[in-house]
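Structure below; questions to follow.
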Amino acid sequence: MYDKDLLGDPIVEEGNLIKITGSIEHIIYANEENGYTVCDLGTDDDDLITVTGIMPYICEGDSVILYGEWKHNPKYGRQFSVSQYERYMPANADAILRYLSSGAIKGIGKKTALKIVEEYGDQTLEVLENHPDWLSDIPGISLKKAKQICEDFKAKAGIRTAMLFFRDFFGATTTVKIYKRWGSAAIDIAKNNPYRLCDEIEGIGFERADSMAMKLGLDLNSEARLMSGIAHVLRYNAAQNGHVCLPREKLTEASAALLGADKDSVNDAIDIMLSRGRLKYSLFGGVTYIYSDYSYECECYIAEKLVLLDKVCPAVSTADANILIEREEQKNGFSYAALQKKAITDALENGVMLLTGGPGTGKTTIVKALLEIFINMDMQVALAAPTGRAAKRLSEATSYEAKTIHRLLEFEYQNEENERAGFRRNENDLLDENVIIIDESSMIDNILMCALLKAIKPGARLILIGDADQLPSVGAGNVLADLLTCERFATVRLNEIFRQAEESLIVTNAHRINRGEIPLLNVRDNDFFFVPRQSDADIAFTVTDLYKNRLPRKYGADTVNNIQVITPSRRGDGGTDNLNIMLQSSLNPPSKDKKEHKHRERVFREGDRVMQTKNNYELEWSRDDGSTGMGVFNGDIGTIVRIDGFGECMEIEFDDRLVVYDFTLLEELEHAYAVTVHKSQGCEYPIVIIPLYNAPPMLLTRNLFYTAVTRAQKMVVLVGRADIAERMVKQNRTGERYTCLKQRLVT
């Protein structure tokens, strides 16, 4: 406990932070999830001030030491913003009575508080901490209730102790996560093995856990550090490079470099992890590939389930398939092309079928035909895509409801405490549908594919549709490409551009790019335009001018809502970082009528277009019809409709879903007037502007250029240098992804 006399003056300067001592008079607002609190503080010199910040489990009557700075809220005036805080227990009977009467401890109201303090006086807190049975001597408190009271008191004391211990390593929000995960054992766990933090607490990477371990004086060559570093290298390469596994030699080299350890020590640690099941391995082509246990299980399951689905699905005979196709042709008044007929036939004859092709090759026509045929056969059909925008586009094209894969699998929390996110539909609760059709399959990573396959019942058909020449999934794996190259399943590659699509220069140029030919840049009066500019600064200025002025002036004011800038990189004048600043300033400048909030270097303003940058399964959304759900996913784009500075949150509308973001989640958001090509996957926009500027060479590739162009529905505007376009077309290098799915299916 702290002795109040040792705390010093109520308000003093300590380095760059101001220190204030006092007691909590009134809780105005408290977020139980992250600990953000707004309250009135009575200082020790009888001033009353408003305090805001992360202060978990704070209660009225608490005595506190706060460290922070004064800030001015435009609506609520002068407030003290807390960076760190400490709670100290009241030191005398009067203060203890006030603390317990506030309701800080479950099971103690004002009357009970008075009885306890009258009985034990200044020793009350000692009794609560160490002698729960003594409380049962007080009338009205049973032994069971006494134990519950003391457990809650210890929990409150535990978070206070945790905040004090972890404040030198992490912020308050992260400390709350740690304490919620391990409770009163958090400090002991972190001291014994700080590396458990990066394994079990979201948001704590290896570097932060390693820094903590170094400060605590742990051995650089400890087994725990070596194993955690190895696991980190696998996680990092999965997240950043899309690798499901790594060759053992490369894993050893990268881990040794990260850890500053010799290769023999790293190899010994890998062997230990293999023996304990934390790592798995596969041997193909004389190379040993190392996996995390979960990645290995996912890849093996994908291969096994696909083979099973293809084997046990009842086939429609070729003769019957031809009859069904003829009926569709007669009904619709046209004939399908030869490859389209083959695709329909293969989908009817096989349990797993792959359909790939570029824009304008008739993939949607095939999907429509299959939907009608399967429905007429009294089969239940599920139509889905990886992203909300892709699902919406699929619904509009087919006039049949399409869902995101997450919605199809009924994403939910797996227990009442909301501790783990997962899908309700799985091997224990299979989907009812007989046919599963998935569009934009190039976006599906190993983890999502595994989850989808677990929910598909044996005997059902799986039809995967996608463009294999686009960029691979953001997550680890290269599922569609692996399935196409293994040649294990029925596959149709559409290559004929149909007459109506031939009229589009977007389609023509997309196929030219894909064939390694320079796109036509000098054709006027079509849907594909080139605006030459030489310097990166001029390119950025012209992109902004096109977005704000030239396109809306020519095609109507509403055009501005249909434009998306798609650029190869985040960096440089033509990258998203700079363009979003320029476009926000031009399209949504500061206004007295629009609230805003600054987070790090970004200013978020009402009316801004923003993007979610990681999957967050915990965010709850609601619709106007009263329906609710969970999850906002990487690449989802929305608009900020309201910022609440007092409640420290903002409301963002993603299509028809409204989501409330606490300010502590703003790290997951960025502006989306301009997005990278990788982030645009699975989406289509009426008008796309593509800056052709001096981006990092590794990003100036053919498949990236092709993917950007194929995001446009009605118009593409290239702005920049023709030589950059030529360089991208000629650079057909695609980054290798380490995955053994193809090998598992071939063998």
Can you give the donor-acceptor pairs under 3.5 Å from side chains of residues 447-459 to other protein atoms, not counting sequence neighbours?
residue, atom, partner, partner atom, Å
Lys457, NZ, Asp432, O, 2.9

Kindly determine whether Lys403 and Glu410 satisfy salt bridge (charged side-chain N to carboxylate O under 4.0 Å, His left out), including the steps that lead there.
CA-CA 10 Å; Lys403 301 176 181 179; Glu410 299 181 33; over 6 Å; no
Can you confirm whether the side chains of Thr739 and Asn478 place a donor and an acceptor under 3.5 Å from each other?
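Judged by distance alone, the side chains do not pair up.
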Full working for salt bridge (charged side-chain N to carboxylate O under 4.0 Å, His left out) between Arg424 and Asp429
CA-CA 7 Å; Arg424 189 174 76 82; Asp429 190 1; 2.5 Å; yes
With a 4.0 Å cut-off on N to O distance, would you call Asp636 and Arg657 a salt bridge?
yes
Could you tell me whether a side-chain N or O of Tyr673 sits under 3.5 Å from a main-chain N or O of Val565, the two making a donor and an acceptor?
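Not a single qualifying donor-acceptor pair exists.
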Which residues share a side chain to side chain donor-acceptor pair (under 3.5 Å) with Ser282, sequence neighbours left out
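Per chain and number, Ser282 pairs via side chain to side chain donor-acceptor pair (under 3.5 Å) with Arg744.
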Quick one, Gln340 with Thr361, criterion side-chain contact (heavy atoms from CB on, under 4.5 Å). Give me CA distance, side-chain angles, the key distance, then yes/no.
CA-CA 9 Å; Gln340 289 180 319; Thr361 54; over 6 Å; no
If we count only N and O atoms by modelled type, under 3.5 Å, do the side chains of Arg609 and Gln564 hold a donor and an acceptor together?
yes
Using a strict cut-off of less than 4.0 Å between a Lys/Arg side-chain nitrogen and an Asp/Glu carboxylate oxygen, indicate whether Lys679 and Glu670 qualify as a salt bridge.
no
Determine yes or no for a side-chain-to-main-chain donor-acceptor pair under 3.5 angstrom, with Arg425 supplying the side chain and Leu430 the backbone.
yes
Results of side chain to side chain donor-acceptor pair (under 3.5 Å) for Glu653 - residues two or more places apart only
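If we apply the side chain to side chain donor-acceptor pair (under 3.5 Å) test to Glu653, skipping adjacent residues, there are no hits.
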Taking the basic N atoms (NZ, or NE/NH1/NH2) and the acidic carboxylate oxygens, is any pair closer than 4.0 Å for Glu440 and Arg393?
yes
Any pair with a residue in residues 359-378 that passes salt bridge (Lys or Arg N to Asp or Glu O under 4.0 Å), sequence neighbours left out, goes on the list, sorted by first then second residue, please.
Lys331-Glu372
Determine, step by step, whether Phe334 and Tyr336 satisfy the ring pair (Phe, Tyr, Trp, His ring centres under 6.0 Å) criterion, reporting the C-alpha distance in whole Å, the side-chain angles of both residues, the deciding distance to 0.1 Å, and the verdict.
CA-CA 7 Å; Phe334 64 84; Tyr336 296 110; 5.2 Å; yes
Does one side chain, of Asn562 or Tyr555, offer a donor that lies under 3.5 Å from an acceptor on the other?
no
Are Glu684 and Arg711 close enough for a salt bridge, meaning some N to O gap below 4.0 Å?
no
Which side-chain N or O atoms in residues 394-402 pair as donor and acceptor under 3.5 Å with protein atoms at least two apart or in another chain?
residue, atom, partner, partner atom, Å
Ser395, OG, Ala391, O, 3.2
Ser395, OG, Tyr400, O, 3.4
Ser395, OG, Ala402, N, 2.8
Thr398, OG1, Leu394, O, 2.8
Thr398, OG1, Tyr400, N, 3.4
Tyr400, OH, Val381, O, 2.9
Glu401, OE2, Arg407, NH2, 3.3

Please determine, by modelled atom types, if Asn514 and Asp469 share a side-chain donor-acceptor pair under 3.5 angstrom.
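Their side chains do contain a donor-acceptor pair, which is all the 3.5 Å distance test asks for.
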Do Asn616 and Glu668 have a side chain donor and acceptor closer than 3.5 Å?
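Yes - a donor-acceptor pair under 3.5 Å links their side chains.
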If only side-chain N and O atoms count, and only distance matters, is there a donor-acceptor pair under 3.5 Å linking Tyr291 with Glu299?
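The answer is yes; a qualifying pair exists.
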Lys/Arg-Asp/Glu bridge criterion (N-O < 4.0 Å) met for Asp656, Arg623:
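Result for this pair is yes, salt bridge flagged.
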In short, side chain to side chain donor-acceptor pair (under 3.5 Å) pairs touching residues 315-327 with sequence neighbours left out are Ser317-Asp320, Thr318-Glu349
